[in-house]
Amino acid sequence: MSHLIKKIRSVKFQLILIFLAFSVVSASGIAGISLSYLFRAEREMAVDQAVRYSEVIGARAQILVENTAKIYQWVNGRNVRIFLNTDGDKFSASMALINDMAEYRTTELTNQTIENVYVFDRKGTAYDEKTGVHTSDRSKKSRQIETIVTATPGRLIAISKDEDQSGENGFIIYGMAIMEQTTNKWIGSAAIEFKNDAFESFLNEQHLGKSGSYFIADSNAQILVGESQIFEQVSAPGHVMPADNSSYELLEDATGRDVLCVYKHVPNTDWWVCGCVYLHELMHQMEYIRMLILLGTIGMILGSACISFLVAAKLARPITRMKELMLDAEGGNLDAVVTEISPNEFGVLEKQYNRMLTELKKTLETHKQDQEYLQKAKLKSLQAQIAPHFLYNTLDTIIWLVAVNENEKAIEMTENLAVFFKTGLSNGLDWISVEKEVEHVKSYLYIQQSRYNDILTCETYIDSALPGYDMLKMTLQPIVENAIYHGIKNKSGGGKIIINGFLENEEYLIFDIIDTGIGMEAGMVDRLNESMRSNAQSYKDGGMGFGLYNVNRRIRLYYDDPACGLYVTSHLDEGTTVRIRLKRIKGKESHV
Amino acid sequence: MKGKTTKRMLEAIALSCVLITAVSLEGYAAEADEYTFGVIFPGTTDFFTDISKGAQEEAAASKAGIELIMEATAKFSAEDQAIILEDMIKKGVDGIAIAPSDSEVLTPYIDKAVDAGIPVICFDTDAETSKRAEFIGTDNYTAGQAMAEELSRLLGGKGKILIENGPLTQAGLQLRQDGLIDRLTEKYPEIEVADCRSSTANLTAYMDDIEAMINENPDFSALVQLDATGRAGIRIFKAYGWDKEDRLLAVFDDTLEILDGIRNGQAAFTMSQCQRDWGTQIVRKLLDLSEGRDVPEMNYSEYRIIDDRNIDAYYGGPQLKP
């Protein structure tokens with residue numbers, strides 16, 4: 001669980017989350033807004049188009065009506081009236097009518113929409129263009145049409161196949177009553193029969209969605225020509241056509257689906273050209289676009305998810321990497337540096353980390369080495385303190401003195417030897433008082449002087465302020481030993497050793513070990529000083545035994561002050577001066 | 001150097017284009033022999049319009065470049081046709097086709113044209129004694145005979161018929177009448193020809209004839225019209241309210257009103273001359289004659305009885321002979 005929480009809190013995860021949230025929100029927002037606008041726009045377009053088509057059909061229907069109007073004029077013309085008004089032998093009136101109609105057909109009325117024209121007088125005589133003059137009971141169709149137009153003139157009537165008494169495919173007629181102009185008496189009727197496909201053809205010319213259709217209805221919403229099951233479903237009884245010339249309305253069917261109905265009134269008639277369709281069929285493009293938008297949005301979200309993963313990973317990688325390296329370093333691997341520096345701001349961080357780690361490693365190494373050296377130095381110093389050779393030789397000298405009855409000298413030598421070892425060992429302490437260290441070196445000098453009687457003399461001048469201070473032990477004697485064995489011993493006629501001790505600037509203790517030995521050449525002196533200044537360690541000290549180097553190192557180590565240490569001056573055949581500078585340490589405290 | 005090569009290439013291409021164009025133009029020139037044919041109709045009814053359509057289609061489709069000058073008289077007049085003929089001779093057309101309203105009157109004019117080196121073809125009505133090279137049309141005598149056969153079949157071998165014909169100066173009409181009456185006399189003596197009239201091509205007079213005959217012979221069984229004015233009979237039958245059950249009406253030719261009359265039941269049948277093919281033949285034969293080829297003298301076309309059994313196949317216009 002905590003692992004999970006940690007993961008959630010991680011930078012990478014947070015980045016991913018933010019990125020994703022943003023893209024989801026914006027994508028959904030865009031999708032939502034566009035969809036809603038699209039829906040509205042397409043609905044408007046669909047409705048517009050349906051209305052326009054209905055107007056086109058309405059215009060065609062209007063042309064039919066105008067044809068009707070033309071025939072109406074003919075029907076009310078002279079020859080028809082004469083025919084209607086003639087009793088008895090109607091032959092010449094009929095001839096006139098027939099000739100008239102034939103001419104009329106070729107000049108005014110094309111064959112395309114009108115199938116037949118009927119005229120009925122009220123006395124049982126009928127005329128139609130195809131059959132000519134006949135008694136109306138001779139033709140079932142004539143009879144049926146006469147009945148209809150007499151009952152309901154001025155209407156477009158559609159007779160279906162089932163209703164057609166002549167057994168044909170049904171017919172569409174428009175009936176008119178013919179009135180005598182002068183007396184207003186009703187003298188007859190006429191009917192125009194339209195070709196069966198006159199209406200269907202242009203009703204079917206326009207598509208309306210997949211299952212929608214155009215049709216012709218009267219003002220009581222009764223379908224006259226064509227069909228529309230949808231309209232029959234949604235149109236309640238008593239549904240009346242709208243008052244406007246051209247309009248639309250949205251209704252709902254039983255299942256709640258939206259139905260678009262468009263209406264176009266045909267002027268001067270009782271006819272309405274209507275269209276009826278399920279709205280969603282006109283908006284199929286909508287479905288398509290909705291699908292597209294949906295897919296697009298999903299795609300965008302997925303895409304940005306992937307990208308966000310990649311980007312977050314890329315951004316967070318340096319952090320993760322560094323975290324791991326740090327853990328590694330913490331565990332002890334001081335080589336856990338960043339191998340590939342990032343090119344961005346992280347690079348600065350990484351470089352700094354690398355440097356820090358390298359410094360740490362170096363410091364630890366140095367420390368280790370120093371510790372090692374210290375151990376060795378301690379060991380050596382211990383050895384020096386024990387000074388076995390010096391002890392053997394001195395004991396030999398004492399034995400000889402006793403053997404030659406120089407008892408006073410033997411006693412003194414033994415006493416000095418005791419002091420030498422007492423001060424040298426000093427109970428294992430590193431820091432002793434100046435007084436004690438001077439005693440140490442003085443006792444050493446006494447013994448050496450006794451042995452090398454004719455070649456060694458010495459003088460000691462220590463400032464009275466010094467003895468109260470503390471200093472690092474075993475600093476003076478090795479230098480003096482050096483001076484004797486490397487300086488004086490090899491000089492013919494011997495030499496002198498002078499030890500000066502004084503304060504410098506109230507801050508440092510200075511001890512000058514001056515010998516008048518053979519000295520060193522300038523190059524050697526410089527090398528020496530340089531090495532000591534840089535605190536070089538050397539176990540090969542050019543034959544100087546414990547040597548200047550090591551004393552210098554000890555001083556540096558214990559005093560931790562680069563100003564402390566040794567400084568050599570020398571002139572060949574004249575002598576050498578080794579100056580020891582030590583930091584002033586108050587006495588008594590360091591005896592703890 | 002590159003510029004020069006391009007220039008040379010362009011020149012070569014241009015030259016080739018010119019050559020190709022020249023060659024093809026020459027080819028066209030070789031093909032485009034120009035002929036001008038004159039066609040003289042006796043009237044402008046649908047019947048002749050059909051022939052004209054046939055002729056125009058053939059002229060357009062022909063590989064030879066044919067120009068048609070088509071003329072028709074304002075009224076049915078041989079003299080007017082003669083004027084047009086002379087005019088065409090003067091124009092120097094390459095060939096003339098004529099349907100003479102009066103063969104006798106027009107024969108000398110036809111000869112004049114032929115003598116002037118213009119080949120002449122007669123169609124619809126022949127001018128046999130003239131120097132015309134060919135007659136394209138119906139064998140009217142046998143057509144009349146065929147009508148007699150069909151009538152007899154429909155009448156069951158007996159009845160009373162009335163015949164109305166167009167102007168007998170048209171030889172073709174006379175031949176039809178002869179063929180009809182001869183066959184009836186020979187083979188079907190029980191069919192009586194109660195009356196036989198002919199009229200000028202004036203519709204009113206024509207219809208008056210028919211009405212008079214009907215009034216005088218109220219018990220007639222069939223009315224036969226031998227010219228193209230079948231609509232008269234159809235209209236009259238309409239006025240009487242008759243159809244095939246009441247009286248038979250047999251007519252000639254295939255105007256739209258006649259075809260409607262067959263559909264609506266007024267006319268029992270019509271004899272169609274399939275005249276659209278005449279137009280095709282006119283142009284082809286005139287071309288043959290202009291190019292020095294022989295043509296047959298008598299070029300009879302097919303005639304066909306159209307009634308309610310085959311009108312659906314026929315309706316909408318005469319079928320072309322393959």
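By convention in this document, chain letters (A, B, ...) are assigned in the order of the sequence lines, proteins followed by strands, and residues within each chain are numbered from 1.
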Check whether more than 12 heavy atoms from other residues, nucleotides or ligands sit under 6.0 Å from atom NZ of A/Lys123, and answer yes or no. yes
Using non-hydrogen atoms only, which part of A/Asn99 is less than 4.5 Å away from chain B: side chain, backbone, both, or neither? both
What is the minimum heavy-atom distance between A/Lys130 and B/Gln266, and which atoms define it? O-NE2, 2.7 Å
Contact class of B/Ile234 relative to chain A, heavy atoms under 4.5 angstrom: neither
Heavy-atom neighbours of A/Glu227 CD exceed 12 at 6.0 Å: no
If I measure from the heavy atoms of chain A, does B/Phe237 come under 4.5 Å with its side chain, its backbone, both, or neither? neither
May I ask you to check whether over 12 heavy atoms, not counting those of A/Phe215, lie within 6.0 Å of atom CZ? yes
Out of B/Arg235, B/Glu257, B/Glu211, which one racks up the most heavy-atom pairs below 4.5 Å with chain A? B/Arg235
Has A/Arg78 got more than 12 heavy atoms of other residues, nucleotides or ligands less than 6.0 Å from its CZ? no
Is there side-chain contact between A/Arg138 and B/Asp243, with at least one heavy-atom pair below 4.5 Å? yes
